[in-house]
Undergrad: 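Take this structure first; my questions come after.
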There are 2 protein chains.
Amino acid sequence: MKIGELSKLTGVSVRSLRYYEQQGLITPTRLENGYREYHKFTVEEVNTIKFYLSLGLSTDQISSFLHCVLKNNETFCTEVLPIYKEKLEEIDKQIQMLTNIKSNLEERIRSFNVEIYNKKELEHDHEKYS
Amino acid sequence: MKIGELSKLTGVSVRSLRYYEQQGLITPTRLENGYREYHKFTVEEVNTIKFYLSLGLSTDQISSFLHCVLKNNETFCTEVLPIYKEKLEEIDKQIQMLTNIKSNLEERIRSFNVEIYNKKELEHDHEKYS
DNA sequence: ATAAACGATAACATTAATGTTAGGGTCAAT
DNA sequence: ATTGACCCTAACATTAATGTTATCGTTTAT
């Protein structure tokens, strides 16, 4: 199949398919006219790539083990586990950072509410004593 | 004071100070020779900018309320609260995404452990029955 | 044979703050 | 007057996957 069909079947843009090829993730053959020709099982490969990208892995990381996981159960590929662990640490750090910022933001937002409360108190006092 | 001194006092690089100026966050005067001249209270301003940047706000967002918060208590600046709330939603979404990925990663990592366990079982069986 | 649909390559754009480098002025001390 | 420490502007680089556009060749249907 040609690139347009693969794109439709996978939902991955033609541009991205060419990029994956450039990154060494897929290697189509060429027809006489220069068009890329893909095997039908490339659909599965591209879906696998999509999955790993959705885990936040880079094309570089994916390329380091894709060859293996396309043939074996993932758990047989020793390259994968360290990458997962590395990514997990990275994500934990990010969550930690975001959580800190979130706390700060919530605290600042709370101080606005306190301010509004103070203003209402003032109005109330005004009524009470006027 | 000149830019080098401001940089030392705030820990913000000269490059970044010029960038903040370009974004309209600070507006030094110029000496006759073209050098930027900063008031001493600019140190406080830059520290304020640093703080808002650390909350993940963009220079664009900061510039929309910096003028106000430099003169008043932040809670008097009506522009700030919506920006905080917007940022908070954005961060919640990011945390949600990262948490999802984290779950997926942990599940995949777990399946490696199961696999190792199975392998050990095999060895064990091998001993047992050999 | 012409037009529409598809394919190819190549290059630039996106985001946002910051680093780096190049090519110059300025100033103070020697 | 030379040196070193500053300052200036301007421009390119960084990250990574994807979008966009330009220019061109190919195929297919009319």
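Only a predicted model underlies this, so the values are computations on that prediction, with no experimental measurement involved. The sequence lines fix the lettering, A, B, ..., with proteins before strands; numbering per chain opens at 1.
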Undergrad: For a quick check under 3.5 Å, do B:N100 and B:Q96 share a side-chain donor-acceptor pair by atom type?
TA: yes

Undergrad: Dot-bracket for DNA chain D, please. Rules: Watson-Crick or G-U, both distances under 3.5 Å, ( ) within the strand, [ ] when a pair crosses earlier ones, | for another strand, . otherwise.
TA: ||||||||||||||..||||||||||||||

Undergrad: Could you work out the separation of C:dA13 and D:dA11 based on their P atoms and round it to a whole Å?
TA: 14 Å

Undergrad: B:S58 has a side chain; which of C:dA17, D:dT18, D:dT9 sits nearest to it?
TA: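 The answer is C:dA17.
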
Undergrad: Is the phosphate of D:dA17 approached by A:S16 (side-chain N or O, under 4.0 Å from OP1 or OP2)?
TA: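 The answer is no; no side-chain N or O of A:S16 sits under 4.0 Å from OP1 or OP2.
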
Undergrad: Return whichever of A:V12 or A:Y35 has its heavy-atom-nearest nucleotide of DNA chain D closer to the 5' end.
TA: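 Its nearest nucleotide lies further toward 5', so the answer is A:V12.
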
Undergrad: Tell me which nucleotide among C:dA8, D:dC7, D:dC8 gets nearest to the side chain of B:K2.
TA: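 When the side chain of B:K2 is considered, D:dC7 is the closest of C:dA8, D:dC7, D:dC8.
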
Undergrad: Angle between ring planes, B:F112 versus A:Y84, binned at 30° and 60°: parallel, tilted or perpendicular?
TA: perpendicular

Undergrad: As a test of reading the structure: which of D:dC7, C:dT18, C:dT9 is closest to the side chain of B:L53, going by heavy atoms?
TA: C:dT18

Undergrad: To the nearest Å, how far apart are B:L17 CG and D:dT9 C1'?
TA: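 In whole Å, D:dT9 C1' lies 16 Å from B:L17 CG.
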
Undergrad: Can you say whether a donor on the side chain of B:Y19 sits under 3.5 Å from an acceptor on the base of C:dG19, or the other way round?
TA: no

Undergrad: Expressed in angstrom and rounded to an integer, what is the separation of B:E21 atom CD from D:dC8 atom C1'?
TA: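 Nearest whole value for this atom pair: 11 Å.
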
Undergrad: Base, sugar-phosphate alone, or nothing: which one does B:R18 contact when heavy atoms must sit under 4.0 Å apart?
TA: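 It contacts base atoms.
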
Undergrad: Quick one: do A:E107 and A:R110 make a salt bridge, cutoff under 4.0 Å?
TA: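 Salt bridge between A:E107 and A:R110, a charged N being under 4.0 Å from a carboxylate O: yes.
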
Undergrad: Round to a whole Å and report the spacing from CD1 of B:I3 to C1' of C:dG25.
TA: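 After rounding, the gap between these two atoms is 16 Å.
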
Undergrad: Consider only side-chain N and O atoms of B:S58 and B:D60, and report whether a donor and an acceptor are under 3.5 Å apart.
TA: no

Undergrad: How many whole angstroms separate atom OH of A:Y52 from atom P of D:dA17?
TA: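 Taking OH of A:Y52 and P of D:dA17, I get 16 Å after rounding.
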
Undergrad: Measure from CZ on B:R15 to P on D:dA10 and round the result to the nearest Å.
TA: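 Between P of D:dA10 and CZ of B:R15: 12 Å.
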
Undergrad: Taking all heavy atoms of B:L55 and all of A:N104, pick out the closest pair and write down the distance.
TA: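 Nearest pair, atom of B:L55 first, then A:N104: CD2-CB, 3.5 Å.
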
Undergrad: Just wondering, do A:E79 and A:Q61 contact through their side chains at under 4.5 Å, heavy atoms?
TA: no

Undergrad: Return the value, rounded to whole Å, for the distance between atom CD of B:E90 and atom C1' of C:dT15.
TA: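 After rounding, the reported distance stands at 13 Å.
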
Undergrad: Would you mind telling me which residue lines up with the more 5' stretch of DNA chain C, A:V14 or B:Y20, judged by nearest nucleotide?
TA: A:V14

Undergrad: Write down the distance between CD (A:Q22) and P (C:dT9), rounded to a whole number of angstrom.
TA: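 It works out to 10 Å between those atoms.
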
Undergrad: Hey, which sits more toward the 5' end of DNA chain D by its nearest nucleotide, B:G4 or A:S13?
TA: B:G4

Undergrad: Quick one: does B:I49's side chain get under 4.5 Å of B:I26's, heavy atoms only?
TA: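 They are in contact (side-chain heavy atoms under 4.5 Å apart), so the answer is yes.
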
Undergrad: Calculate the interatomic distance between B:M1 atom CE and D:dC6 atom P; express it in whole Å.
TA: 16 Å

Undergrad: Please tell me which of the listed nucleotides, C:dC27, D:dC7, C:dT18, lies nearest to the side chain of B:N33?
TA: C:dC27

Undergrad: Got a salt bridge between A:E74 and B:R108, using NZ or NE/NH1/NH2 to carboxylate O under 4.0 Å?
TA: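 Answer for the salt bridge query: yes.
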
Undergrad: With a cut-off of less than 4.0 Å, is there a side-chain N or O of A:T59 near OP1 or OP2 of D:dA16?
TA: no

Undergrad: Does a side-chain N or O from A:R36 land closer than 4.0 Å to OP1 or OP2 of C:dA8, or not?
TA: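 Checking A:R36 against C:dA8: at least one side-chain N or O falls below 4.0 Å of OP1 or OP2.
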
